[in-house]
Amino acid sequence: MRAGIRAGIGFLAAVQIVVGIWALFFPVRFFAFAVVGMGMAYNEHLMRDYGAMTLASAVVLGVAAVHGGRWAVRTALVMYLTWSVPHFLVHWTMLDHLAPATGALLMVALAGAIALPAALLLLSIRTDRTG
């Protein structure tokens, strides 16, 4: 089970790397994505900062995936959930800027960004209890 937890965290890290590079180095293209811009004015500084912070979260997740220690894993997952839950809620309030199908797909993806780390966190706790 520990290998599965580490693989899941590695997946989250990989996604953060892709998104972080996209936002940091290609901010206009990232913002042009319908579920990012959502009818707001473009802000290059905000996009680049978001990319840098996303890459920083990839570092934390990557360390947890490679190291696999209990506290590294839990810290990384709680860090990710601290971001993904409010991110879901913010987008939930802004769906009127999107086509219904796009909004539904976005919310499913953002719900998955909560469900996966939550499940991994629960598995890490359960693994400790069962040995």
Side-chain angles (χ1 to χ4, degrees):
M1 190 62 71
R2 287 189 179 118
I5 293 169
R6 290 171 73 171
I9 294 171
F11 171 76
L12 293 173
V15 170
Q16 294 298 88
I17 289 168
V18 170
V19 171
I21 288 171
W22 188 12
L24 182 59
F25 296 108
F26 307 99
V28 173
R29 288 185 184 160
F30 181 74
F31 190 80
F33 193 52
V35 298
V36 176
M38 298 187 72
M40 296 177 282
Y42 173 70
N43 184 320
E44 181 179 357
H45 174 226
L46 182 61
M47 290 299 94
R48 290 187 186 275
D49 280 358
Y50 172 75
M53 290 294 293
T54 302
L55 287 173
S57 72
V59 170
V60 175
L61 291 161
V63 167
V66 171
H67 180 266
R70 171 186 323 154
W71 294 109
V73 164
R74 291 183 187 159
T75 299
L77 292 170
V78 169
M79 176 275 307
Y80 193 86
L81 286 166
T82 301
W83 169 78
S84 64
V85 171
H87 188 224
F88 176 92
L89 295 172
V90 166
H91 277 279
W92 183 263
T93 67
M94 301 179 80
L95 291 174
D96 56 327
H97 295 287
L98 300 172
T102 302
L105 184 59
L106 172 65
M107 296 316 294
V108 167
L110 295 179
I114 295 169
L116 177 59
L120 294 171
L121 182 60
L122 292 174
L123 282 172
S124 78
I125 293 167
R126 186 172 182 197
T127 299
D128 277 355
R129 290 186 182 159
T130 61

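The first residue of the sequence shown is numbered 1, and numbering continues consecutively from there.
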If Ile, Leu, Val, Met, Phe, Trp and Tyr residues are connected whenever their side-chain heavy atoms lie under 4.5 Å apart, and connections chain through other members, are [X] and [Y] in the same group?
X	Y	answer
W83	V63	no
W22	V59	no
V18	F33	no
L81	L122	no

For a quick test of reading the model, state the closest non-hydrogen atom pair linking [X] to [Y] and the distance between them.
X	Y	answer
A13	G62	CB-N, 3.9 Å
V85	I114	CA-CD1, 3.9 Å
L120	G4	CD2-O, 4.1 Å
L123	I5	C-CD1, 3.8 Å
A23	G51	CB-CA, 3.6 Å
G8	L116	O-CD2, 4.3 Å

Check: residues 90-111 side-chain donor-acceptor pairs under 3.5 Å, at least two apart:
residue: H91; atom: NE2; partner: H87; partner atom: NE2; Å: 3.2
residue: T93; atom: OG1; partner: V90; partner atom: O; Å: 2.7
residue: H97; atom: ND1; partner: M38; partner atom: O; Å: 3.3

Residues two or more places apart in sequence or in another chain: which of them pass salt bridge (Lys or Arg N to Asp or Glu O under 4.0 Å) with R29?
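In terms of salt bridge (Lys or Arg N to Asp or Glu O under 4.0 Å), with neighbours along the sequence ignored, R29 is linked to no residue.
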Under a 3.5 Å distance rule, please check whether R6 uses its side chain to pair with a backbone N or O of V66 as donor and acceptor.
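Here the side-chain-to-backbone pair exists.
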Trace of the side chain to side chain contact (heavy atoms under 4.5 Å, CB included) decision for V36 with M47
CA-CA 10 Å; V36 176; M47 290 299 94; 4.1 Å; yes
Can you tell me how far [atom2] of [Y] sits from [atom1] of [X], rounded to the nearest 0.5 angstrom?
X	Y	atom1	atom2	result
I9	Y80	CD1	OH	12.0 Å
L46	M53	CG	CE	11.5 Å
T75	L61	OG1	CG	11.0 Å
L77	L12	CG	CG	7.0 Å

Side chain to side chain contact (heavy atoms under 4.5 Å, CB included), that's the test. Do V78 and T82 meet it? Break it down for me.
CA-CA 6 Å; V78 169; T82 301; 4.0 Å; yes
Taking only residues at least two apart or on different chains, which pairs with a member in residues 112-125 satisfy salt bridge (charged side-chain N to carboxylate O under 4.0 Å, His left out)?
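Checked against salt bridge (charged side-chain N to carboxylate O under 4.0 Å, His left out) - neighbours excluded - no pair reaches residues 112-125.
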Filter on salt bridge (charged side-chain N to carboxylate O under 4.0 Å, His left out), then keep only pairs touching residues 45-64, sequence neighbours left out; what's left?
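Residue pairs passing salt bridge (charged side-chain N to carboxylate O under 4.0 Å, His left out), neighbours aside: E44-R48.
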Name all pairs fulfilling the ring-ring contact (aromatic ring centres under 6.0 Å, His included) condition that reach into residues 37-74, sequence neighbours left out, sorted by first residue then second.
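Passing the test, one end in residues 37-74: F30-Y50, F31-Y42.
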Taking only residues two or more places apart in sequence or in another chain, which ones pass side-chain hydrogen bond (donor to acceptor under 3.5 Å, both in side chains) with S57?
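Counting only residues at least two positions away or on another chain, S57 forms a side-chain hydrogen bond (donor to acceptor under 3.5 Å, both in side chains) with Q16.
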